[in-house]
Amino acid sequence: MSKKSRFFRVAVEGATSDGRTIDRDWLLQIAKHYNPKVYGARVNMEHIRGYGPNSDFRAYGDVLAVKTEEVDIGGQKKLALLAQIDATDELVELNRRRQKLYTSIEVRPSFADSGEAYLVGLAVTDNPASLGTEMLEFAAKNPDANPFKLRKEQPDDVFSVAEPLTLELEDESAGIVASFKASIAAAVAKFTGKEVTDDARFAAVADGFGQLGENFSKHVQATQASQAKTDQSLQAMSADIDKLKQQFAKLDNTEAPNRRPVASGGGGQQQTDF
């Protein structure tokens, strides 16, 4: 199953965690420049970057792409930043258990030599913006005591207020079907024109059927590949279950150490008090 999410809102122009303001231009610059191959923003927990892979503060995914769109908030038009992420199994499970249901972006206002804003991280959190007013006000008036200060890679980095997280995973099979339907429509269109000669129409029919066969073959291969992944996961799970059964059977038949030997006298007639 793909862990690639649909696009969801991660920030809106406005307040930040330290009393500054996320400028509209920052969001436009992030959408313009973001490229995981240049610098990939990872998903972290509560803006904390752990070092150990087994820590609760390990990475929980990667930001694949971003884009902007206008949204209506309280009757006002504002620019929002949307992100698509590749989530880990742990993040999907956290979301299923209704944990860390908000996101906050990490912005570097002047990235590298570009002089423009860039997305350097995305945090999941349990602290929505509506409950963070007192913290924002405190941070604005006391920048040196900002609780997020030590979590920033660079002092000028900015954390946005938290936005609700709607983690919906993309359906790979739906994309395969849509692509197959489009290829059929394109092939049929080649021999349905009214001003096409019989010879041209016959050639188009032959070419169209060839395309249908080619695309159907691709569709079958994609379906088989998807099914193979599922079968592989089921086989691995079955192997783990068989291993557990063998271990349990071995333990069940293993005599416990220092166990008192069974009494051999009395012919079964002697009893003791319990």
Side-chain angles (χ1 to χ4, degrees), residues 4-5 7-53 55 57-71 73 78-88 91 100 102-129 132 135-165 167:
K4 183 168 68 173
S5 76
F7 278 92
F8 60 94
R9 194 173 79 199
V10 293
V12 176
E13 57 178 315
T16 71
S17 65
D18 57 4
R20 285 183 280 178
T21 298
I22 288 187
D23 192 271
R24 181 186 184 91
D25 287 341
W26 284 2
L27 300 184
L28 292 172
Q29 291 166 9
I30 288 172
K32 170 183 160 186
H33 293 296
Y34 184 74
N35 182 353
K37 293 182 179 179
V38 174
Y39 184 95
R42 305 220 71 191
V43 181
N44 61 68
M45 185 180 292
E46 301 290 354
H47 295 294
I48 298 175
R49 289 171 167 80
Y51 293 102
S55 165
F57 297 100
R58 60 187 176 276
Y60 284 84
D62 297 275
V63 178
L64 300 175
V66 295
K67 64 180 181 179
T68 57
E69 71 174 23
E70 296 282 349
V71 295
I73 298 179
K78 292 191 175 184
L79 189 68
L81 183 71
L82 283 71
Q84 182 183 48
I85 67 172
D86 182 8
T88 64
L91 180 57
K100 306 301 173 185
Y102 299 88
T103 60
S104 171
I105 64 171
E106 300 176 359
V107 183
R108 189 154 299 164
S110 182
F111 180 75
D113 297 329
S114 70
E116 295 190 327
Y118 195 88
L119 179 71
V120 295
L122 177 68
V124 290
T125 176
D126 277 328
N127 299 303
M135 178 183 288
L136 298 180
E137 183 178 357
F138 173 84
K141 295 179 179 178
N142 305 274
D144 290 336
N146 181 0
F148 292 117
K149 182 178 179 180
L150 296 178
R151 303 185 189 181
K152 298 181 179 183
E153 283 192 319
Q154 294 185 10
D156 289 337
D157 287 355
V158 176
F159 298 163
S160 70
V161 295
E163 293 289 333
L165 166 62
L167 186 61

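Values below: all heavy atoms of this structure, side chains included; hydrogens, waters and symmetry mates excluded.
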So which atom in [X] and which in [Y] form the shortest heavy-atom distance, rounded to 0.1 Å?
{"X": "A87", "Y": "L91", "result": "CB-CD2, 3.8 Å"}
{"X": "A41", "Y": "V120", "result": "CB-C, 3.7 Å"}
{"X": "A83", "Y": "V66", "result": "CB-CG1, 4.1 Å"}
{"X": "H47", "Y": "I105", "result": "CE1-O, 4.2 Å"}
{"X": "R49", "Y": "G121", "result": "NH2-CA, 4.0 Å"}
{"X": "F8", "Y": "S5", "result": "CE2-OG, 3.6 Å"}

Legend entry - Evaluation steps, side chain to side chain contact (heavy atoms under 4.5 Å, CB included), between V10 and V63: CA-CA 11 Å; V10 293; V63 178; over 6 Å; no
Legend entry - Donor + acceptor pair across side chains of E46, T125 (<3.5 Å):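 A pair is found: one side chain offers a donor N or O, the other an acceptor, under 3.5 Å apart.
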Inset, instruction - Please lay out, stage by stage, how D126 and K100 fare under the test salt bridge (charged side-chain N to carboxylate O under 4.0 Å, His left out). - result: CA-CA 5 Å; D126 277 328; K100 306 301 173 185; 3.5 Å; yes
Legend entry - Flag side-chain contact, heavy atom, 4.5 Å: E70 against L79: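 E70 vs L79: side chains touch.
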Inset, instruction - Look at the rings of Y118 and Y34 and say which category their plane angle falls in: under 30° parallel, 30 to 60° tilted, over 60° perpendicular. - result: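 Ring orientation of Y118 relative to Y34: tilted.
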Inset, instruction - Check the pair E106 / R42 against salt bridge (charged side-chain N to carboxylate O under 4.0 Å, His left out), numbers first and verdict last. - result: CA-CA 10 Å; E106 300 176 359; R42 305 220 71 191; over 6 Å; no
Inset, instruction - Start with the C-alpha distance between H33 and F111, add both sets of side-chain angles, then the distance that settles side chain to side chain contact (heavy atoms under 4.5 Å, CB included), and finish with yes or no. - result: CA-CA 10 Å; H33 293 296; F111 180 75; over 6 Å; no
Inset, instruction - Decide side chain to side chain contact (heavy atoms under 4.5 Å, CB included) for R24 and W26; before the verdict, give the C-alpha distance in whole Å, the side-chain angles of both, and the deciding distance to 0.1 Å. - result: CA-CA 5 Å; R24 181 186 184 91; W26 284 2; over 6 Å; no
Nearest 0.5 Å, please: how far is [atom2] in [Y] from [atom1] in [X]?
{"X": "L81", "Y": "E163", "atom1": "CG", "atom2": "CD", "result": "10.0 Å"}
{"X": "T103", "Y": "I85", "atom1": "OG1", "atom2": "CD1", "result": "8.5 Å"}
{"X": "K32", "Y": "T68", "atom1": "NZ", "atom2": "OG1", "result": "12.5 Å"}

